[in-house]
Amino acid sequence: MDSTGDTAAQGAGPGQISIEARISDLVRLGIIGLFAYWTLVLIAPFALIVIWSAILAVALFPIFEALSRSIGNRPVIAAVVIVVFSLVLIIAPLALVAVNFADAAQALIGKLREGNFTLPAAPAAIREWPVVGQRIHGAWNQIASDLAATIIKFQAPIREVTAVIVAKLASIGGGILSFVVSIVLSGIFLTRSARLAAAIQILASRIAGEKGVGFARLAGTTVRNVSRGVIGVAFLQALLCGLCFALFDIPAGGPLTFIVFVLCLMQLGPALVLLPVILWAWFSWPTPIALVFTVVAIPIMIIDNILKPILMARGLSTPMPVILIGVIGGTLSQGLLGLFLGPVVLSVFYELLRAWAWPSVSTAPENNRAASFDAQAERVEQTR
């Protein structure tokens, strides 16, 4: 019997063994692919929150490291302080603006549906404008008087647009809740920053060697630059505009602040909103109050020209079309969370693609803060 089995084993040629090995490899790959698919299905509802949490953790890491060092290397306390400060600084104004914007939009939609929406008559001062004053005054009053007929004429398109707006407004609450969860989860990531950085480096090295590690560092640098130079500056300008609107009691201050924030994210600046408001103030308020409002609003319009070179001087400069597409695409596809996530993800993809396709042109400069994240991970690995 033994000799027969040996003879059968010797009779199996190398081709048959190769086929069996390939079948075994395909079966293993199929099982791995099946588990990978199930894993993606399970984590898909939380993917955006986890990605945004990771982006926040990377962006806030320099602040976390400095704060932890200043209080005696206590990362948990530093993470709790950053989470609480972020919730107060970001979520509270964002929720207030979103609620005000939703209320104003719903009121406008209700008036449009009921046919009660009217435009005010043109100010008499417009007639005194040279050359075009009389024409603008007459056209304004004509549109205001014929507004009801215009609404009735375009009633069907208005209903379709308002239905889309209502659906987007309904997702604002869920977006704010996702923001809260993302900030809390980013604090947890910060307390495990060294281990996560080491794991990312190992994974990047296994995928693409030294280039993979360089791409991981480039992604971290891009996240920090876009977060500080684009999202951070846009949030600061929107916050200043919101305070200015509240101080001077501007009508529809919440929606205007939200529009300012979106325009700043698109790199268009707040001038598209502030200039018409300034013009309205000069025709509606006494001259001293309008002058004070103008003096306060003009620095808000130009503050980004001062802050962006400072915050992104050592970093990467992503083209404005990339940021614009990221903002619009992220908002349309993922709602409020995509408004922030879109430009960051698209900027990281652009910089990685640029570094891979043109390595000699796109030499990614890394400052000391960007390298500290990786240095800490290396120190942890050495201690092991």
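For the pair Ser53 (side chain) and Ser182 (backbone), a donor-acceptor distance under 3.5 Å is present. Side-chain atoms of Ser193 come within 3.5 Å of backbone N or O of Leu190 as a donor-acceptor pair. Side-chain atoms of Ser205 do not come within 3.5 Å of backbone N or O of Ile202 as any donor-acceptor pair. Remark: side-chain polar atoms of Thr191 are paired, donor with acceptor, to backbone N or O of Ile188 under 3.5 angstrom. In this structure a side-chain-to-backbone donor-acceptor pair under 3.5 Å is present from Thr222 to Leu218.
Under the 4.5 Å side-chain contact rule for hydrophobic residues, Phe64 and Ile77 share a cluster. Under the 4.5 Å side-chain heavy-atom criterion for Ile, Leu, Val, Met, Phe, Trp and Tyr, Val80 and Val181 are members of distinct hydrophobic clusters. When the side chains of ILVMFWY residues are joined at heavy-atom separations under 4.5 Å, either directly or via intervening members, Phe245 and Val295 end up in a single hydrophobic cluster. Transitive grouping of hydrophobic side chains (ILVMFWY, heavy atoms separated by less than 4.5 Å) brings Met301 and Leu247 into a common cluster.
Nearest heavy atoms, Ser227 versus Ile55: OG-CG2, 4.3 Å. Here the closest heavy-atom approach between residue Cys244 and residue Val296 is recorded as SG-CG1, 3.9 Å. Closest non-hydrogen pair, Trp280 versus Pro251, comes out as CH2-CD, 3.7 Å. In terms of heavy-atom proximity, Gly326 sits nearest to Leu346 at N-CD2, 3.5 Å. The minimum heavy-atom distance linking Cys241 with Val260 is given by the pair SG-CG1, 3.7 Å. Heavy atoms only, all atoms of each residue included: Ala219 and Leu352 are closest at N-CD2, 4.3 Å.
Using a 4.5 Å heavy-atom cutoff, the side chains of Ile289 and Pro286 are in contact. Side-chain contact between Leu60 and Ser86 is present, with at least one heavy-atom pair separated by less than 4.5 Å.
Scanning for salt bridge (Lys or Arg N to Asp or Glu O under 4.0 Å) contacts around Arg74 gives an empty result, with sequence neighbours left out. In this structure, Arg206 has no salt bridge (Lys or Arg N to Asp or Glu O under 4.0 Å) partners at least two apart in sequence or on a different chain.
Within the 6.0 Å centre-distance limit, the rings of Phe261 and Phe340 are counted as a close aromatic pair. Checked against the 6.0 Å centroid criterion, the rings of Phe293 and Trp285 qualify as a close aromatic pair.
Between Trp38 and Phe35, the two ring planes are perpendicular [angle over 60°; tilted spans 30° to 60°].
A distance of 11.0 Å separates CD1 of Ile82 from CG of Leu56, quoted to the nearest 0.5 Å.
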*asked:* Please determine whether side-chain contact (heavy atoms from CB on, under 4.5 Å) holds for the pair Phe235 and Leu265, giving the CA-CA distance in whole Å, both sets of side-chain angles, and the decisive distance to 0.1 Å.
replied: CA-CA 8 Å; Phe235 180 79; Leu265 278 181; over 6 Å; no
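For Ser186 and Trp52, the side-chain atoms include no donor-acceptor pair closer than 3.5 Å.
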